Engineer: 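Can you read through this structure? Questions will come right after.
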Amino acid sequence: MARHLITSALPYINGVKHLGNLVGSMLPSDVHARYLRAAGHEVLLICATDEHGTPAELAALESGQDVATFCTEQYEVQRDLGERFGLSWDWFGRTSRPQNHVLTNHFARRLRAEGFCEIRSTDQVYSVLDGRFLPDRYVVGTCPNCGYERARGDQCEQCGKQLDPTELVDPRSAVSGSTELEIRTSNHVFLQQSLLADRIRAWVDTKDTWPQQTRSIAYKWLDEGLADRGITRDLDWGIPVDPADFPEVEGKVWYVWFDAPIGYLASTREWADATADDPQAAFDRWWRVDRGAHDVTYTQFMGKDNVPFHTLSFPATILGSGEDWKLVDRLKSFNWLTYYGGKFSTSDHRGVFMSDALDLLPADYWRWYLMANAPESDDASFTWELFGSAVNKDLVGTLGNLVNRTVTQVTRHFGEQVPEGGEPGEPEYELAQRVDERVTEYLDHLDGLEFRKATAALRALWAEGNGYLEEREPWRTVKVDRDRTACTLRTALGLVAGITGASEPFLPATARALRGVFPAVDWQQLVLDRDLARVELVRAGDPIAPPGLLFQKLAPEQLTEWEQRFGGPEGSPQ
């Protein structure tokens, strides 16, 4: 049994996440965790809400709430939606909790002790009307690169250029809209990433199994020269800098991109504090290589925009601390899921968000579509036509059809039990060989974090069952050869039972319903490995219970209605 630590990029606190956010980190991390658990490994799946920074303050201001209340409410919303989507977190924490305050200040203290922090006086935008400094996103204006008039002080959303607030043309306060801005100096802590660049490059060089996209992004930033980065901000909301360690910047908070990745560790500490008799030891065995984490495989999931922070800045924090913390082993990055080629937009009511999706259909419909069309090698575009096809062809026409026709034939001709009679022959042996090949292919892709290929292999496994039934025709043979029919249907039921275990990572609710078909099976003993095709799960005489209809077919008019409701190719919601 191996040990696996899994984290997904932390969803930001300001609002319900859309399907692109879900498939870019949280959902694939859950599929991976479910697979590893089913394969018998020890897994810790950690996530949290990312709660600091200017967007949280601005969202709270817009909602008329203080930021702490806003974040608490939004945390509950995001946790509820994640759980309803079947995300099987071992812990879903918050970066605002005390554990993150402690660890963030610990890492800052260690970085200064190791010589990787420096106090610098910087020019910053100050709003006379607001009576405060305006860090990055509190300043909006025209991008000097592309002319976009609503660029933020940290990045232009239109061209993607990284910006400093002082670079914006015609800047204004995002708080009040005031243009009465001045440039004043303010002291800040800088993480001297430039001093760690060679160590980071040497570490990245060892990651030859990372996806090409991940490595390319890391090397691009390294080749351009890893710049030092300011890691404090003039904000009220955030983790306060400990004045005992950094008296030069008393009253400031740590930059959200400094404390957020540390939130992976802090949320693990939340989990340990809540569940372990010895929280320190429980935490250390996952994160301290010198205290038990030497045999842990650590896998991160994220969108491509988060790759620089996870391959460079966060490792700089870990390496620069001088302590033996666990660094990421595998990093799976995703491209964008777009909505008809454009952006999902809350303000424009365009696209499907997690709450919308669950109002329409159960989670497994969405889980299947998203992972079968995951934006792994390129951006992918959500369309209602593709969604309807995935549901109707794959879930209804292949998996649902296999289960329904098998159970219907059994109960119609043999009652609610596994049929007795007949012996396996050449067709059954050939089926077993094909199933064994499909299972091996499926597990190989899951091991390789190749989710689209894994869903294709799983779909092919379902199709083997339908092909076998078409070949053996139990609805016809039952009239002339009851023993042959019993063997056929017993074989098909065994395949459905195996498919239940294989499908669980992608379709957990469906697998739960299918487990109910076989009350005599000890599901706790089922291991999702390469012997799955050779395990005898059902026996003649075992009871079975019809599951009912697993999936509803989606009608064209239903899909058209949803397209009009959420915005279609022209992006004009009705």
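Worth knowing before you read on, the calculation uses all heavy atoms, side chains too, and leaves out hydrogens, waters and symmetry mates. Note that the structure is a prediction, hence the values are computed from the model and not measured.
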Engineer: Can you name the nearest heavy-atom pair linking His32 to Leu446, along with the distance?
Structural biologist: ND1-O, 4.4 Å
Engineer: For Arg452, is there an ion pair with Glu376 - N to carboxylate O distance below 4.0 angstrom?
Structural biologist: no
Engineer: Taking the side chain as every heavy atom from C-beta outward, state whether Leu45 and Ser88 have any atom pair closer than 4.5 Å.
Structural biologist: yes
Engineer: One pair to check against side chain to side chain contact (heavy atoms under 4.5 Å, CB included): Leu537 and Leu526. What are the steps and the verdict?
Structural biologist: CA-CA 8 Å; Leu537 294 172; Leu526 179 64; 3.7 Å; yes
Engineer: Can you name the ring-ring contact (aromatic ring centres under 6.0 Å, His included) partners of Tyr365, sequence neighbours left out?
Structural biologist: Phe551
Engineer: In Å and rounded to the nearest 0.5 Å, what is the CG to OG distance from Asn100 to Ser267?
Structural biologist: 7.0 Å
Engineer: Is there side-chain contact between Trp210 and Lys332, with heavy atoms separated by less than 4.5 Å?
Structural biologist: no
Engineer: Measure across Leu532 and Ala502 and return the closest heavy-atom pair with its distance rounded to 0.1 Å.
Structural biologist: CD2-CB, 4.0 Å
Engineer: Test side chain to side chain donor-acceptor pair (under 3.5 Å) on Thr297 and Asp329 and set out the steps.
Structural biologist: CA-CA 6 Å; Thr297 298; Asp329 297 298; 4.8 Å; no
Engineer: I want to check a possible cation-pi pair here: Arg367 against Phe506, using under 6.0 Å from ring centre and within 45° of the ring axis as the test.
Structural biologist: no
Engineer: Is any side-chain heavy atom of Val175 closer than 4.5 Å to one of Tyr138?
Structural biologist: yes
Engineer: Is the shortest distance from a Lys or Arg side-chain nitrogen in Glu437 or Arg434 to a carboxylate oxygen in the other one below 4.0 Å?
Structural biologist: no
Engineer: Would you mind reporting whether Leu27 and Phe85 have side-chain heavy atoms less than 4.5 Å apart?
Structural biologist: no
Engineer: When you compare the side chains of Tyr264 and His310, does any donor N or O come within less than 3.5 Å of an acceptor on the partner?
Structural biologist: yes
Engineer: I'd like to know if the side chain of Ser29 reaches the main chain of Met26, judged simply by a donor and an acceptor atom lying under 3.5 Å from each other, with no hydrogens or angles considered.
Structural biologist: yes
Engineer: Carefully, step by step, assess Leu559 and Glu563 under the rule side chain to side chain contact (heavy atoms under 4.5 Å, CB included).
Structural biologist: CA-CA 6 Å; Leu559 296 167; Glu563 181 182 305; over 6 Å; no
Engineer: Keeping the roles fixed (side chain from Glu167, backbone from Asp164), state whether a donor-acceptor pair exists under 3.5 Å.
Structural biologist: yes
Engineer: With a cut-off of 6.0 Å (strictly less than), are more than 12 heavy atoms of other residues, nucleotides or ligands near NZ of Lys453?
Structural biologist: no
Engineer: Do we see a donor-acceptor contact under 3.5 Å between the side chains of Thr268 and Trp287?
Structural biologist: yes
Engineer: At their closest point, which heavy atom of Trp89 faces which heavy atom of Gln78, and how far apart are they?
Structural biologist: CH2-O, 4.1 Å
Engineer: Using the rule ring pair (Phe, Tyr, Trp, His ring centres under 6.0 Å), only one of Trp237, Tyr255, Trp257 pairs with His52; which is it?
Structural biologist: Trp237
Engineer: Do the side-chain N and O atoms of Asp379 and Thr338 include a donor-acceptor pair separated by under 3.5 angstrom?
Structural biologist: no
Engineer: Report the C-alpha distance between Leu399 and Thr510 in whole Å, list the side-chain angles of each, state the deciding distance to 0.1 Å, and finish with yes or no for side chain to side chain contact (heavy atoms under 4.5 Å, CB included).
Structural biologist: CA-CA 10 Å; Leu399 176 58; Thr510 304; 4.3 Å; yes
Engineer: Please set out all donor-acceptor pairs under 3.5 angstrom arising from side-chain atoms of residues 382-392, sequence neighbours excluded.
Structural biologist:
from	atom 1	to	atom 2	distance (Å)
Thr383	OG1	Leu386	N	3.1
Trp384	NE1	Tyr339	OH	2.9
Asn392	OD1	Leu554	N	2.8
Asn392	ND2	Gly388	O	3.4
Asn392	ND2	Leu554	O	3.0

Engineer: Tell me, do Tyr12 and Lys17 make a side-chain contact under 4.5 Å, heavy atoms counted?
Structural biologist: yes
Engineer: Salt-bridge test for Lys161 and Asp154: reply yes if a basic N is under 4.0 Å from a carboxylate O, no otherwise.
Structural biologist: no
Engineer: Going by an N to O cut-off under 4.0 Å, is there a salt bridge joining Glu149 and Arg172?
Structural biologist: no
Engineer: Could you pull out the closest heavy-atom pair between Phe344 and Gly351, with the gap in Å?
Structural biologist: CD2-CA, 3.7 Å
Engineer: Taking the six-membered ring for Trp and the full ring for Phe, Tyr or His, determine whether the centres of Trp462 and Trp368 are under 6.0 Å apart.
Structural biologist: yes
Engineer: Does some side-chain heavy atom of Asn14 sit less than 4.5 Å from a side-chain heavy atom of Leu58?
Structural biologist: no
Engineer: Taking the six-membered ring of Phe258 as reference, does the NZ or CZ atom of Arg233 fall below 6.0 Å from its centre and within a 45° cone about the axis?
Structural biologist: no
Engineer: Could you give me the CA-CA distance, side-chain angles and deciding distance for Trp286 and Tyr298, then say whether ring pair (Phe, Tyr, Trp, His ring centres under 6.0 Å) is met?
Structural biologist: CA-CA 9 Å; Trp286 288 104; Tyr298 178 21; 9.9 Å; no
Engineer: Do any side-chain atoms of residues 141-148 form donor-acceptor pairs under 3.5 angstrom with protein atoms, and if so which ones, sequence neighbours left out?
Structural biologist:
none

Engineer: In Å and rounded to the nearest 0.5 Å, what is the CD1 to CD1 distance from Ile318 to Ile200?
Structural biologist: 11.0 Å
Engineer: Rounded to the nearest 0.5 Å, how far apart are CG of Leu327 and CD of Gln300?
Structural biologist: 9.0 Å
Engineer: Please check: side-chain N/O of Asn306 versus main-chain N/O of Met302, any donor-acceptor pairing under 3.5 Å?
Structural biologist: no
Engineer: Please determine if Asp447 and Arg530 form a salt bridge, counting it only when a charged side-chain N lies under 4.0 Å from a carboxylate O.
Structural biologist: yes
Engineer: Dump the intermediate steps for side chain to side chain contact (heavy atoms under 4.5 Å, CB included) on Leu22 and Leu337, then the final yes or no.
Structural biologist: CA-CA 10 Å; Leu22 179 63; Leu337 177 71; over 6 Å; no
Engineer: Distance-only, no hydrogens or angles: does the Ser63 side chain make a donor-acceptor pair with backbone N or O of Ala60 under 3.5 Å?
Structural biologist: yes
Engineer: Ion pair present between Glu224 and Lys220, side-chain N to carboxylate O less than 4.0 angstrom?
Structural biologist: yes
Engineer: Looking at Tyr75, I'd like to know if the NZ or CZ of Arg94 sits under 6.0 Å from its six-membered ring centre while staying within 45 degrees of the ring's axis.
Structural biologist: yes
Engineer: Closer than 3.5 angstrom, by distance alone: can the side chain of His4 be matched with the main-chain N or O of Val43 as a donor-acceptor pair?
Structural biologist: no
Engineer: Under 3.5 Å, is there a donor-acceptor pair between the Gln212 and Ser216 side chains?
Structural biologist: yes
Engineer: Within the side chain of Thr440, is there an N or O that forms a donor-acceptor pair under 3.5 Å with the backbone of Asp436?
Structural biologist: yes
Engineer: Less than 3.5 Å apart, any donor N or O on the side chain of Asn466 or Arg405 sitting next to an acceptor on the other?
Structural biologist: yes
Engineer: For Glu470, is the CD atom crowded, meaning more than 12 foreign heavy atoms sit under 6.0 Å from it?
Structural biologist: yes
Engineer: Looking only at the side chains, is there a donor atom on one of Gln74 and Thr49 sitting less than 3.5 Å from an acceptor on the other?
Structural biologist: no
Engineer: What pair of heavy atoms forms the shortest contact from Pro315 to Trp203, and how long is it?
Structural biologist: CG-CZ3, 3.5 Å
Engineer: Hey, does the side chain of Ser381 reach the backbone of Tyr340 with a donor-acceptor pair shorter than 3.5 angstrom?
Structural biologist: yes
Engineer: Ignoring hydrogens and angles, state whether a donor on the side chain of Glu51 or Thr95 is under 3.5 Å from an acceptor on the partner side chain.
Structural biologist: no
Engineer: Ignoring hydrogens, what is the shortest heavy-atom contact between Val439 and Asp529? Give both atom names and the distance.
Structural biologist: CG1-O, 3.9 Å
Engineer: Does the side chain of Leu449 reach to within under 4.5 Å of the side chain of Arg330, using non-hydrogen atoms?
Structural biologist: yes
Engineer: Have a look at Val16 and tell me which of Asp356, Leu81, Asn21 forms a side chain to side chain contact (heavy atoms under 4.5 Å, CB included) with it.
Structural biologist: Leu81
Engineer: Check whether any side-chain heavy atom of Cys47 sits under 4.5 Å from a side-chain heavy atom of Thr7, and report yes or no.
Structural biologist: no
Engineer: So, Asp90 and Arg37, do they make that salt bridge, N to O below 4.0 Å?
Structural biologist: yes
